[in-house]
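Each remark here refers to the structure printed beneath this line.
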Amino acid sequence: MNPAQDSPALEFRDVAKTFTLHLRGGVQLPVMGGADLAVHPGECVVLGGPSGAGKSSLLKMAYGNYRCDRGRILVRDGETVIDVASASPREVLALRRRTISYVSQFLRVIPRVGAREVVAAAGREGGLPADIALARAEELLSRLNLPERLWDLPPATFSGGEQQRVNIARGLIAERPILLLDEPTASLDAQNRAVVVDLIRARQAAGAALLGIFHDTDVREAVATRVVDVTAFAQKRAA
Ligand SMILES: Nc1ncnc2c1ncn2[C@@H]1O[C@H](COP(=O)(O)OP(=O)(O)OP(=O)(O)O)[C@@H](O)[C@H]1O
């Protein structure tokens with residue numbers, strides 16, 4: 001058996017995070033300490049715990065948006081392992097191109113770029129040839145029921161649910177081995193939630209490692225292979 005199959009795709013080891021509020025006289029806000037969590041290929045680990053417990057912060061640290069104060073965040077990148085906690089910005093950007101996708105609930109809109117191109121561009125950035133990226137963008141947008149009349153319009157004026165579907169297509173088009181999902185179904189109706197559940201399950205069946213936050217109980221039950229309550233990490237934060 002290939003030992004890489006058994007090793008995690010993503011692993012938090014003894015991770016701690018305290019926010020320092022510089023505009024509030026440097027007030028320290030400890031969020032978590034001693035966070036240990038491993039996500040293997042083919043798993044969909046769902047983060048649980050009350051609002052403010054640190055679920056989104058864990059995802060943002062794994063994506064390199066937030067620094068962690070202590071510990072390691074190990075990402076398997078092909079044959080090597082990269083510690084996001086100590087990686088250079090250049091290494092983090094390379095990981096985002098090759099290895100990790102992050103879907104938040106909000107689309108960062110690019111002015112004047114149409115929805116189809118927003119999605120296709122994400123595919124090209126992930127290494128897909130232009131024609132495949134375009135075809136796959138169209139396939140995803142139609143699967144996600146985004147009306148074709150909207151495909152060439154910039155998503156700035158789209159409804160919350162329409163923007164979220166463009167965002168999901170953007171995050172899924174490149175099929176990277178690790179997928180971070182921060183409430184990707186928050187503004188969706190039942191029909192589109194079901195489509196997203198199918199897309200997530202397909203990525204999981206293909207061997208991707210998924211780590212996500214889903215407040216919707218039905219979605220959570222449909223996709224989770226394991227739920228990890230982050231309250232334990234919050235309890236180990238600095239006093
Ligand atoms: N950029 C930031 N600056 C300061 N504090 C922050 C920042 N981001 C998060 N926090 C604080 O860290 C704590 C954890 O926030 P986080 O968003 O990770 O929680 P969560 O479990 O995802 O919550 P929710 O379920 O409400 O989305 C909160 O108290 C929040 O106020």
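Keep in mind that this is a model prediction, so the values were computed, not measured.
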Please check if the side chain of [X] supplies one atom and the backbone of [Y] the other of a donor-acceptor pair under 3.5 Å.
X      : Y      : answer
Asp77  : Thr80  : no
Arg143 : Glu138 : no
Arg203 : Ala208 : no
Arg76  : Ser7   : yes
Ser101 : Leu172 : no
Gln163 : Gly160 : no
Lys17  : Pro30  : no
Asp83  : Ile73  : yes

Item to complete: Using side-chain contact (heavy atoms from CB on, under 4.5 Å) as the criterion, point out the one residue from Leu210, Leu211, Leu180 that pairs with Val39.
Response: Leu211

Practice prompt. Applying side-chain contact (heavy atoms from CB on, under 4.5 Å) between Val223 and each of Asp198, Ile200, Thr185, report the one that passes.
Written response: Ile200

Is there side-chain contact between [X] and [Y], with at least one heavy-atom pair below 4.5 Å?
X      : Y      : result
Thr20  : Val27  : no
Val75  : Thr99  : yes
Thr217 : Glu221 : yes
Val84  : Leu10  : no
Phe12  : Cys68  : no
Asp36  : Val15  : no
Arg176 : Arg98  : no
Val166 : Val118 : yes

What are the two closest heavy atoms between [X] and [Y], and how far apart are they?
X      : Y      : value
Ala85  : Gly71  : CB-O, 3.6 Å
Ala35  : Leu58  : CB-CD2, 4.4 Å
Ala224 : Val46  : CB-CG2, 3.5 Å
Val230 : Ala53  : CG2-CB, 3.5 Å
Ala122 : Ala174 : O-CB, 4.2 Å
Ala115 : Leu146 : CB-CD2, 4.2 Å

Taking only residues two or more places apart in sequence, or in another chain, which ones meet [X] in a side chain to side chain donor-acceptor pair (under 3.5 Å)?
X      : result
Gln204 : none
Arg97  : none
Asp182 : Ser56

Taking NZ, NE, NH1 and NH2 as the nitrogens, is one of them in [X] or [Y] under 4.0 Å from a carboxylate oxygen of the other?
X      : Y      : result
Arg136 : Glu175 : yes
Arg124 : Glu117 : yes
Asp14  : Arg70  : yes

Transitively linked via ILVMFWY side-chain contacts under 4.5 Å: [X] with [Y]?
X      : Y      : value
Val103 : Val195 : yes
Leu93  : Leu95  : no
Leu74  : Val45  : no
Phe233 : Leu29  : yes
Val219 : Val227 : yes

Discussion item. Assess the residue pair Arg226 and Glu43 against the criterion (side chain to side chain contact (heavy atoms under 4.5 Å, CB included)); give the C-alpha distance rounded to whole Å, side-chain angles, the decisive distance to 0.1 Å, and a yes or no.
Written reply: CA-CA 8 Å; Arg226 188 154 59 96; Glu43 272 198 295; 2.9 Å; yes

Worksheet item: Please, which pairs that meet ring pair (Phe, Tyr, Trp, His ring centres under 6.0 Å) have at least one residue in residues 16-36, sequence neighbours excluded?
Response: Phe19-Tyr66

Response to the item:
Applied to residues 71-104, the ring pair (Phe, Tyr, Trp, His ring centres under 6.0 Å) test, sequence neighbours excluded, yields Tyr63-Tyr102

Kindly compute the distance separating [atom1] ([X]) from [atom2] ([Y]), expressed to the nearest 0.5 Å.
X      : Y      : atom1 : atom2 : value
His215 : Ser51  : NE2   : OG    : 6.5 Å
Glu11  : Arg72  : CD    : CZ    : 9.0 Å
Glu183 : Leu59  : CD    : CG    : 10.0 Å
Leu141 : Ile168 : CG    : CD1   : 11.0 Å
Ser187 : Asn192 : OG    : CG    : 11.0 Å
Met32  : Lys55  : CE    : NZ    : 10.0 Å

Worksheet item: So Val196 and Leu144, side chain to side chain contact (heavy atoms under 4.5 Å, CB included) or not? Walk me through it.
Response: CA-CA 8 Å; Val196 176; Leu144 286 157; 3.9 Å; yes

Item to complete: Could you pull out all residues at least two apart from Asp152 that satisfy salt bridge (Lys or Arg N to Asp or Glu O under 4.0 Å)?
Response: Arg116

Discussion item. Pair Leu140, Leu199 - check side chain to side chain contact (heavy atoms under 4.5 Å, CB included), show working.
Written reply: CA-CA 9 Å; Leu140 278 165; Leu199 290 169; 4.1 Å; yes

Worksheet item: Quick one: do the Thr18 and Gln28 side chains pair a donor with an acceptor below 3.5 Å?
Response: no

